[in-house]
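Worksheet: one structure, shown below.
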Amino acid sequence: MNPNLSRTLTAQANEKVGETIKLQGWVDTLRDHGRVTFVDLRDKLGIIQCVITKKGDKLSDESVIEIIGKVNKRPENSVNKDLVTGTIEIDVSEYKVLNKCKELPIPVKSDGYEIDEELRLKYRYLDLRRERMHNILVMRSNFVRSLREGFFEQDFTEVETPLLSMGTSEGARNFLVPSRMAPGKFYALPQSPQQYKQLLMTAGVDRYFQLARCIRDEDLKFDRGFEFTQLDLEMSFVNESEVMSAVENSVKAAVKAVGSKLKEDPFPVIPYDEAIKKYGADKFDLRTEEEKKANVLAFAWVVKFPFFKKVDRKDASEVEESRSGWVFTHNPFSKPVDEHIEWHLKGENIDKIMTTQYDLVCNGLEVGGGSIRAHDPEVLKATYKIMGYSEEDMMKAIGHMVKAFELGTPPHGGLALGVDRIIMLLANEQSLKETIAFPMTRRGRTSVMDAPSIANPDHLKELGLAVNIGEESDVIFVRLKRLLDSEDVKYEVIEHRSVKTSEEAAEVRNTPMDIAPKAMILTKPDGGLVMVCIPADKKLDMKKASAVVGEKLKFADPEFVESELGVKVGAVPPFGKLFEIETYIDKSFWEKEKVAFNAGRRDRSIIMKASDLIKIAEPNPVSKDSDFKQ
RNA sequence: GGGGCGUUAGUUCAGUUGGCUAGAAUAUUCGCCUGUCACGCGAAAGGUCACGGGUUCGAGUCCCGUACGCCCCGCCA
């Protein structure tokens, strides 16, 4: 292979007829005709047909290959009109396999909708190879790039705000991050950069934007994930229409940049009460059936929202948030419309106060929202007063904002665009997951890597944390799992209701009692501990046990066991080594096939091969021939 | 948190009133083929029917439970 030959991409070969070029990419399709083999080589721009008449390395679908060959015009009768490169082909002089691909766990040639979504996420790196997904990623990149350019052209400054920050009490549930340096304390991941961006206005940035990752711990839906991307912006010295037009300019340019069509330009502006009357909701789809088929984007602004609503008494979280019976509809930092400021400051006609909020809707989804903010500290305080906050509670929650607003904050307003949702609409996809490179399942499990996962107990200790599920510690269960995983044995974890006795345990697991090693902690005269495991349906013969161990043994005090080992009596797994205690296992278990035991918690059991237990628990060898039963 | 649906070869799916030695397509492996472009032809291999119980002479199929997944509602300043 000629190392000096630089790479040519598939579509670029059209310009190089007659030349010898190097191509690198994936085997998209193989058509082996015996003496001649056609390989469709795929790279990020598309595919090209390569003709091999001299066989070398064995080829397989989706392997990564490098070929060198001459670009030839195809014979007239074998031109493929469906390909960008359909008039040419590569006469391969040499080729090699750079990375062989085994049998694929999921197909990558189809559009992928038919494949189980869980599998698509597990092998997301393959799933993204399919043309449909690749096109979405490229389109997303182009759209965001154009949006960015639009805001730069309008004199915005891009500023990053912290990911580790303070939680907000109202609104969505926060994701917490434990602090190592301040054990027992937590950061919250941002639900939006709302407060920071307003403080940037105080700082004189004047026009700010950011592609901000936002994180909310609420249940997932087709149009909502834990993490999402907002195009977040804020502007000083502006009114509603100025913010709206700055956003509209950039959005329109970006939509056009990716080749999509708009239904209406400029976007129609519809008051909230009219929308409710006409469409029954504050988000609506303005498209006709034909426009839906053509995937036209129907943007519209919704304005004139009420600032507050009555708390839904059935909704526990709203009741908790509001002490007065009123909660804000959109954003507590918004300013009411000028003509209602008097009412707002006095707390009168609360149900009639309108906010400066404006929402951007598109094809039935809310894709953005913002408002002019209350930069006057008295107005912001009045909002919290209406919700029933005491002066003290209010200062605790937003005192830092009030302070900034007393130190020269210009009037300002802004908006946040839901980038993922807009991409979903542009790509005409039915799920947000199709627009995100590595999304989560509905239950919050990550692509490819399978988080959330159990934390290392040492790491937890460093953070000053103990994991308790219910009232029991998780530590021994986790250590046991790690021990078993490290030994690479098969076992089954069963979660069940909390059980106290061996009978109950056997019942919930549906396993016989004689395969359950009951782990008993015994003390030696010198205070040292030993563990003796006998079938759960038998009683311990202390004389036999003492004889085998060679010391006079006594039952350890249950409270001592719980405090010393961190496990409740009855949930102690038959692995003394987890506690650095020598283990004896009654000889009857050497003949059993399976064992079932409580795994460090009264609500978890593990079923595994008896031989694996004996291998991993490393009992004192004499126990193989020892009987501890009465 | 409430409700609905689902889980059978690597993948996508069939599988009748309970009779199965569980099929097809595709992928994989091997063989044949010089003009295909989702090439074609022939052969082989591939399964703990999610897991655990139950009913039954007999369960992929019926019943109960668990896990996981998807959808709807709730929740999402």
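Throughout, protein chains are lettered first and strands after them, A, B, ... in sequence-line order, and every chain is numbered starting at 1. Quick caveat: nothing in here was measured; it's all calculated off a predicted structure.
Pairing partner, B:G60: none, since no Watson-Crick or wobble contact has both distances short of 3.5 Å. Using N1 to N3 plus N6-O4 or O6-N4 for Watson-Crick, or N1-O2 and O6-N3 for G-U wobble, each under 3.5 Å, B:A45 pairs with nothing. With a cut-off of 3.5 Å on both pairing distances, the Watson-Crick or G-U wobble partner of B:G69 is B:C5. For B:A14, there is no paired nucleotide, since no Watson-Crick or G-U wobble pair has both relevant distances below 3.5 Å. Remark: B:A38 base-pairs with no nucleotide in the shown strands. Criterion, Watson-Crick or G-U wobble with two distances under 3.5 Å.
Comparing B:U12 with B:G2, their P atoms are spaced 30 Å from each other, to the whole Å. Comparing B:A44 with B:A38, their C1' atoms are spaced 23 Å from each other, to the whole Å. Look at the C1' atom in both B:A9 and B:C5: the space between them is 24 Å, to the nearest Å. Going from the P atom of B:C57 to that of B:A50 covers 24 Å, rounded to whole Å. Going from the P atom of B:U16 to that of B:U8 covers 16 Å, rounded to whole Å. Straight-line distance between the C1' atoms of B:C41 and B:U34: roughly 16 Å, to the nearest whole Å. With both ends at atom C1', the span from B:G23 to B:G60 equals 12 Å, rounded to whole Å. Comparing the C1' positions of B:C13 and B:C49 gives a spacing of 13 Å, expressed to the nearest Å.
A:R120 has a carboxylate O that lies under 4.0 Å from a charged side-chain N of A:E434, or vice versa, which qualifies the two as a salt bridge. A salt bridge links A:D232 with A:K197: the closest approach of a Lys/Arg side-chain nitrogen to an acidic carboxylate oxygen falls below 4.0 angstrom. Using a 4.0 Å cut-off between a side-chain N of Lys or Arg and a carboxylate O of Asp or Glu, A:R31 and A:D40 qualify as a salt bridge. Salt bridge A:K310/A:D351: absent, no basic N to carboxylate O contact under 4.0 Å. In summary, A:R42 and A:E131 do not engage in a salt bridge, as defined by a charged side-chain N under 4.0 Å from a carboxylate O.
Note on A:I48: nothing from the nucleic acid sits closer than 4.0 angstrom, heavy atoms only. Within 4.0 Å (heavy atoms only), A:S192 reaches at least one base atom of the nucleic acid. Using a 4.0 Å heavy-atom distance criterion, A:E89 is classed as a base contact. Within the nucleic acid shown, A:T29 comes within 4.0 Å of sugar-phosphate atoms alone, with no base atom in reach, counting heavy atoms only.
Judged as a ring-ring contact (aromatic ring centres under 6.0 Å, His included), and not counting sequence neighbours, A:F477 has no contacts. Not a single ring-ring contact (aromatic ring centres under 6.0 Å, His included) links A:Y208 to another residue, sequence neighbours left out.
Of the candidate nucleotides B:C68, B:G10, B:C30, B:C30 has the atom lying nearest to any side-chain atom of A:K58. For A:F222, whose side chain is taken as the heavy atoms from C-beta onward, the closest listed nucleotide among B:C76, B:U36, B:C72 is B:C72. Picking from B:A27, B:G69, B:U36 the nucleotide with the shortest atom distance to the side chain of A:R31 gives B:U36. Set against B:U28, B:A38, B:C70, the side chain of A:K433 has B:C70 as its closest nucleotide. Candidate nucleotides B:G10, B:G69, B:C39 were compared by shortest atom distance to the side chain of A:E103, and B:G10 ranks first. The side chain of A:K221 lies closest to B:C75, out of B:G10, B:C37, B:C75. Considering only side-chain atoms of A:F38, the nucleotide from B:C75, B:U36, B:A27 that sits closest is B:U36.
Between A:N331 and A:I106, the residue anchored closer to the 5' end of RNA chain B is A:I106, taking for each the nucleotide with the nearest heavy atom.
A donor-acceptor contact under 3.5 Å is not formed by the side chain of A:D40 with the base of B:C37. In this model, no side-chain donor or acceptor of A:E218 finds a partner on the base of B:G74 within 3.5 Å. The base of B:C37 lies close enough to the side chain of A:R74 for a donor and an acceptor atom to sit less than 3.5 Å apart. Contact annotation: side chain of A:R224 to base of B:C76, donor-acceptor pair present below 3.5 Å.
With rounding to whole Å, A:L59 atom CG is found 14 Å from B:C39 atom P. Note: CD1 (A:I90) to C1' (B:U36) measures 16 Å, nearest angstrom. One can place CZ of A:R443 at 13 Å from C1' of B:U66, the figure rounded to the nearest angstrom. Rounded to whole angstrom, the span from the CD1 atom of A:I47 across to the P atom of B:U36 amounts to 16 Å. Spacing between atom CG of A:L432 and atom P of B:C70 amounts to 13 Å, rounded to whole angstrom units. If you measure from atom CG of A:N80 to atom C1' of B:A38, you get 12 Å, rounded to the nearest angstrom. In this structure, A:D32 places its CG atom 16 Å from C1' of B:A38, rounding to the nearest Å.
A distance below 6.0 Å separates the ring centres of A:F305 and A:Y272. Checked against the 6.0 Å centroid threshold, A:F175 and A:F226 count as a close aromatic pair.
Using a 5.5 Å limit on the distance between ring centres and a 30° limit on the angle between planes, the aromatic ring of A:H33 does not count as stacked on the six-membered base ring of B:C33.
Within residues 112-119 of chain A, the residues approaching RNA chain B are A:E114, A:I115, A:D116, A:E117, A:E118, A:L119, by heavy-atom distance under 4.0 Å.
Between the side chains of A:D420 and A:T435, no donor-acceptor pair of N or O atoms lies under 3.5 Å.
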